[in-house]
2 protein chains.
Amino acid sequence: MPGKPADLFDPECPSRDVLELVGSKWSMLLLCTLKNGPVRTGELRRAVTGISQKMLTQTLRDLERNGIIDRIDHAEVPPRVEYKLTKVGHSLSRLMKQMEHWIVDHYDYIVASQGRYKPHHDHTEDQMSA
Amino acid sequence: MPGKPADLFDPECPSRDVLELVGSKWSMLLLCTLKNGPVRTGELRRAVTGISQKMLTQTLRDLERNGIIDRIDHAEVPPRVEYKLTKVGHSLSRLMKQMEHWIVDHYDYIVASQGRYKPHHDHTEDQMSA
DNA sequence: CAGGATCCGACCCGATACTG
DNA sequence: CAGTATCGGGTCGGATCCTG
């Protein structure tokens, strides 16, 4: 029996936490990296450049806890651990890939927009500047 | 002439900022709300329950600065300001809607996963628990 | 190699008070 | 109604050190 449906517009609804998880920078990059099959921890760290040890593990745990990725401990020595998308993780990963593409596709436009931007708070009539 | 292409996997690339913007909770909710046409500031605040005055304005400015929404000041008194998606804002909004749907669709599964989750750090052989 | 634990600065963000 | 400014706590997240 499903609980009450998720409502992102209800501040009390825990689905907001899910929103923050999947919206996080590191989640997005990790999910994109995992798109093509299991990846070892070290590879992840190298792929997602700039992520710290701490955020790597923490984000992986969060994703795992939410059923988005699976952790595979090969129980070898030296340690060898892989992470892979679950079934629903794959569907999310597709969305993340779309996000990535959207950003890449519109990046030039966005940078141009930033250049054009003028803070508006200025109601002054500049009718005759000549 | 377009600059160097965006690379989200380069920590130096400013496109990471874009990622954080569009990934933010409030951006997502605001963009979803704006999907059907111009909305007044007050309506936005009421629609995106729980957002503070500060975060509302701040996020709107960020989205505007990046060319994702347009601000329409009707220059009336009392003040009447509307926000609407730009053309590229619409394409982003569609992605946000997909994200929203994904969360709603998989919410039960996610909650169930959280219930199932067992912290693993436990390498102990529990061979014979009987 | 994988990852837990701790310290600590930076910033995020909410609350509040104020302007036009 | 729309928006700015300021203050302060809480959290995020990086750096570091340590274990198996």
Side-chain angles (χ1 to χ4, degrees), chain A residues 11-12 16-17 19-21 23-30 33-34 38-65 69-84 117-125, chain B residues 11-12 16-17 19-21 23-30 33-34 38-65 69-84 117-125:
Chain A
E12 305 299 322
R16 284 243 173 130
D17 297 341
L19 180 59
E20 301 219 53
L21 171 63
S24 96
K25 176 173 61 176
W26 299 131
S27 290
M28 295 200 180
L29 294 174
L30 285 173
T33 305
L34 288 169
V39 181
R40 289 191 58 174
T41 312
E43 297 181 61
L44 283 175
R45 179 140 33 87
R46 261 169 280 115
V48 182
T49 326
I51 194 172
S52 69
Q53 229 279 9
K54 180 181 178 177
M55 289 314 292
L56 177 62
T57 311
Q58 181 174 309
T59 309
L60 287 172
R61 287 299 165 276
D62 284 342
L63 293 172
E64 188 192 359
R65 229 172 60 79
I69 63 175
D70 279 332
R71 189 187 118 111
I72 308 163
D73 187 340
H74 293 268
E76 301 174 356
V77 39
R80 184 166 141 255
V81 174
E82 289 183 315
Y83 293 92
K84 63 183 279 283
Y117 181 75
K118 305 249 193 309
H120 37 253
H121 101 295
D122 204 351
H123 260 216
T124 53
E125 339 273 318
Chain B
E12 304 299 322
R16 284 241 173 132
D17 298 340
L19 180 59
E20 302 219 55
L21 172 62
S24 95
K25 176 173 61 175
W26 300 130
S27 290
M28 295 199 180
L29 294 175
L30 286 173
T33 305
L34 288 169
V39 182
R40 288 191 60 173
T41 313
E43 297 180 62
L44 283 175
R45 179 141 32 86
R46 261 170 279 116
V48 182
T49 327
I51 195 171
S52 68
Q53 163 80 17
K54 180 181 178 180
M55 288 315 291
L56 177 61
T57 311
Q58 181 174 310
T59 309
L60 288 172
R61 287 299 164 276
D62 284 342
L63 293 171
E64 188 193 359
R65 228 173 59 80
I69 64 175
D70 279 333
R71 189 187 119 112
I72 307 164
D73 187 341
H74 292 268
E76 301 174 355
V77 39
R80 184 165 141 255
V81 174
E82 289 184 315
Y83 292 91
K84 64 182 279 282
Y117 181 75
K118 305 251 193 308
H120 38 254
H121 100 296
D122 203 351
H123 261 214
T124 53
E125 339 272 318

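Residue numbering restarts at 1 for every chain, and letters A, B, ... go by the order of the sequence lines.
Put simply, B:Arg40 has a side-chain N or O that comes within less than 4.0 Å of OP1 or OP2 on D:dA2. OP1 or OP2 of D:dG3 has at least one side-chain nitrogen or oxygen of B:Arg61 nearer than 4.0 Å. A sub-4.0 Å separation between OP1 or OP2 of C:dG4 and a side-chain N or O of A:Thr57 is absent.
Residue order along DNA chain C, read from the 5' end via each residue's closest nucleotide, puts A:Gln53 first among A:Glu20 and A:Gln53. Nearest-nucleotide positions on DNA chain D place A:Met55 closer to the 5' end than the other of A:Met55 and A:Pro79.
Spacing between atom CZ of B:Arg71 and atom C1' of D:dA2 amounts to 8 Å, rounded to whole angstrom units. If you take CG of B:Asp17 and C1' of C:dC12, they are 15 Å apart, rounded to a whole angstrom. Rounded to a whole Å, the CD atom of A:Glu64 is 15 Å from the C1' atom of C:dG4. Protein atom CD of A:Gln58 is 18 Å distant from nucleotide atom P of C:dA2, rounded to whole Å. The distance from atom CG of B:Leu60 to atom C1' of D:dA2 is 11 Å, rounded to the nearest whole Å. With rounding to whole Å, B:Trp26 atom CH2 is found 10 Å from C:dC13 atom C1'. As a whole-Å value, the separation of B:Asp62 CG from C:dC11 P is 15 Å. Nucleotide C:dC1 holds its P atom 8 Å from the CZ atom of A:Arg45, rounded to whole Å.
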*Mind running side chain to side chain contact (heavy atoms under 4.5 Å, CB included) on B:Arg71 and B:Lys84 for me, showing each step along the way?*
CA-CA 7 Å; B:Arg71 189 187 119 112; B:Lys84 64 182 279 282; over 6 Å; no
*Give the C-alpha distance, both sets of side-chain angles, the deciding distance and a yes or no for side chain to side chain contact (heavy atoms under 4.5 Å, CB included) between A:Arg16 and B:Leu29.*
CA-CA 10 Å; A:Arg16 284 243 173 130; B:Leu29 294 175; 3.7 Å; yes
*B:Leu60/B:Tyr83 under side chain to side chain contact (heavy atoms under 4.5 Å, CB included): CA gap, chis, key distance, verdict*: CA-CA 8 Å; B:Leu60 288 172; B:Tyr83 292 91; 3.6 Å; yes
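The minimum heavy-atom distance between A:Thr59 and A:Ser27, with the atom names listed, is CG2-OG, 3.4 Å.
Closest approach to the A:Pro78 side chain among C:dT6, C:dC1, C:dA2 is made by C:dC1 (side chain taken as heavy atoms from C-beta onward).
Under the 4.0 Å criterion applied to side-chain N and carboxylate O atoms, B:Lys25 and A:Glu20 are assigned as salt-bridge partners.
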